[in-house]
Peer 1: 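Sharing a structure, written as structure tokens. Questions coming.
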Amino acid sequence: MSFAELGLSTPLLRAVSERHYLIPTPVQALTIPAVLQGRDVWACAQTGSGKTAAFALPLLQALAARPPQTPRPVRVLILVPTRELAAQIAAAIQRYAAHLPAAVKVVTVLGGVSINPQMMALRGGAEIVVATPGRLLDLLDHNALSLAQLHTLVLDEADRLLDLGFAQELAQVLQRLPQHRQNLLFSATFPPVVRSLAEQLLKDPVRIDVASTAQTAPAIVQRAIAVDAPRRTQLLRELIQQQGWQRALVFVATRYSTEHLTQKLLRLNIRAGAFHGDLSQGARTQALADFKARRLSVLVATDVAARGIDIEELPVVVNYDLPRSAVDYLHRIGRTGRAGVAGLAVSFVSADTEAHFRLIEKRHALQLTREVVAGFEPTPATRVDEGPALGGVKGRRKSKKDKLREAAPPPAGGFVWPGRPPGGG
Ligand code: AMP
């Protein structure tokens with residue numbers, strides 16, 4: 001299931017791929033279509049399940065379908081228990097809305113800080129208001145906003161809202177909303193108070209319970225690093241050291257390569273083991289057990305051998321050789337980001353695999369920045385008729401052009417590691 005299959009528009013898909021989300025989390029897969037259909041939703045989902053995008057993406061899509069109005073009417077009200085959550089949700093919405101044809105205004109309304117800047121921010125209206133209930137009531141009393149045209153109410157972390165003593169204020173807010181509206185309720189737990197709130201609030205809701213799967217929601221950050229093919233082993237070592245990777249599953253194309261790369265890594269004092277179909281079952285079990293027990297820090301594997309591997313808390317998958325197909329790519333990166341542990345999938349892309357990687361990206365509606373690691377800048381690609389991309393032809397002297405190219409800076413727009421990973425959320 002891809003985001004595109006959920007019925008999201010191109011600008012939203014673009015934002016999602018910029019966040020490096022590959023596949024929808026379970027709560028997203030179930031919530032997005034329901035919200036797009038205008039249904040009420042009763043969702044049991046916790047932080048980390050991807051619930052923010054689950055409601056924000058379809059609500060943005062609905063907003064974008066309406067002609068802009070001035071002043072901007074409040075269409076979506078998101079009630080939250082804490083200022084941290086409010087700020088986080090507002091920032092996430094801004095990112096998801098980045099490519100919509102018309103700007104969407106999001107205002108956060110929070111207690112504990114001066115009210116005036118919030119009144120100012122609400123001048124001219126706002127399509128989305130993210131609020132804690134108490135301050136929202138104050139602002140309503142000041143006529144700083146109108147909720148007469150509200151289309152959707154979202155209660156996020158409803159259990160905490162009630163826990164923190166917002167029940168009365170919440171009831172007052174609900175009285176001030178138009179009767180006819182869509183309601184989305186997200187809560188990690190459903191004690192009797194939340195259950196009765198849900199029953200009172202929601203009309204024929206779609207019930208979504210991903211509590212049990214929330215822990216396995218894939219949160220995989222994908223990155224692509226541009227590097228010359230012959231330098232990949234050194235780059236791998238550099239990343240292991242520089243990024244402090246404790247364990248990495250490294251994919252290569254052939255059985256021979258698993259052995260070959262393992263030997264090279266061992267010579268670099270990295271505890272590596274090979275994992276492929278030619279090994280006896282005993283040797284495979286042993287390699288896997290060593291990897292799981294952290295006696296090996298790198299397992300170098302082929303696709304086929306790795307299919308059934310289930311390793312809890314595997315933080316990093318590396319595509320040393322790119323997978324043959326887009327489906328294999330999914331299988332590979334799906335080895336990480338399990339059991340609620342965020343995962344990182346890194347693909348090494350060189351001049352001769354760039355076109356292939358673009359096909360994989362296209363298939364998954366992805367567009368990863370080609371990052372560059374300091375000291376491993378790739379040689380600028382040469383045209384086919386000018387000789388091989390990676391270094392000169394043996395015996396041929398470098399032309400002036402070659403030398404100029406070698407001296408050129410790394411590709412524009414590439415990140416230089418170490419840096420803050422993009423898409424961390
Ligand atoms: P939330 O549960 O909304 O707080 O989201 C938890 C984290 O998961 C945030 O850092 C999001 O950026 C990230 N996230 C949301 N959806 C996805 C997805 N489909 N794939 C990977 N990461 C995601």
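Both ligands and their constituent atoms are indexed starting at 1 by order of listing.
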Peer 1: Applying a heavy-atom cut-off of 4.0 Å, say which part of I23 lies close to ligand 1: side chain, backbone, both or neither.
Peer 2: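 I23 to ligand 1: backbone contact only, side chain stays beyond 4.0 Å.
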Peer 1: Looking only at distances, please establish whether an N/O atom of ligand 1 is found under 3.5 Å from an N/O atom of H20.
Peer 2: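 Such a contact does not occur with ligand 1.
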Peer 1: Which part of R19 is near ligand 1, with near meaning a heavy atom under 4.0 Å away: side chain, backbone, both or neither?
Peer 2: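 Neither part.
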Peer 1: So which heavy atom on A198 is nearest to which on W42, and how close?
Peer 2: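 Heavy-atom minimum between the residues: CB-CZ3, 3.1 Å.
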Peer 1: For ligand 1, find out whether one of its N or O atoms is nearer than 3.5 Å to an N or O atom of G50.
Peer 2: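 Yes, G50 has an N/O under 3.5 Å of an N/O on ligand 1.
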Peer 1: What about S49: any of its N or O atoms under 3.5 Å from an N or O on ligand 1?
Peer 2: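 For ligand 1, there is an N or O atom that lies under 3.5 Å from one belonging to S49.
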Peer 1: Does F186 approach ligand 1 within less than 4.0 angstrom via side chain, backbone, both or neither, non-hydrogen atoms only?
Peer 2: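 Looking at F186 and ligand 1, no heavy atom falls under 4.0 Å.
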Peer 1: My understanding is that only residues two or more places apart in sequence, or in another chain, count here; which of them pass side-chain contact (heavy atoms from CB on, under 4.5 Å) with E259?
Peer 2: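 Per chain and number, E259 pairs via side-chain contact (heavy atoms from CB on, under 4.5 Å) with A274, H276, L279.
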Peer 1: Please report the shortest heavy-atom distance between A326 and R363, naming the atom on each side.
Peer 2: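 What the structure gives for the nearest pair is CB-CG, 3.2 Å.
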Peer 1: Restricting to non-hydrogen atoms, name the atom on Y320 and the atom on R232 that form the minimum distance, rounded to 0.1 Å.
Peer 2: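 Closest pair (atom of Y320, atom of R232, distance): O-NH1, 3.0 Å.
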Peer 1: Taking only heavy atoms of T52, which atoms of ligand 1 are found under 4.0 Å from at least one of them?
Peer 2: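 Selected atoms, number and element: 1 (P), 3 (O), 4 (O).
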Peer 1: Which heavy atom of I208 sits nearest to which heavy atom of V41, and what is that distance?
Peer 2: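 Looks like CD1-CG1, 3.9 Å.
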Peer 1: Under a 4.0 angstrom heavy-atom cut-off, which atoms of ligand 1 come close to F3?
Peer 2: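 Near F3, meaning under 4.0 Å from one of its heavy atoms, ligand 1 has 19 (N).
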Peer 1: Closest heavy-atom contact between R247 and L296?
Peer 2: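 Of all heavy-atom pairs spanning R247 and L296, the closest is CG-O, 4.0 Å.
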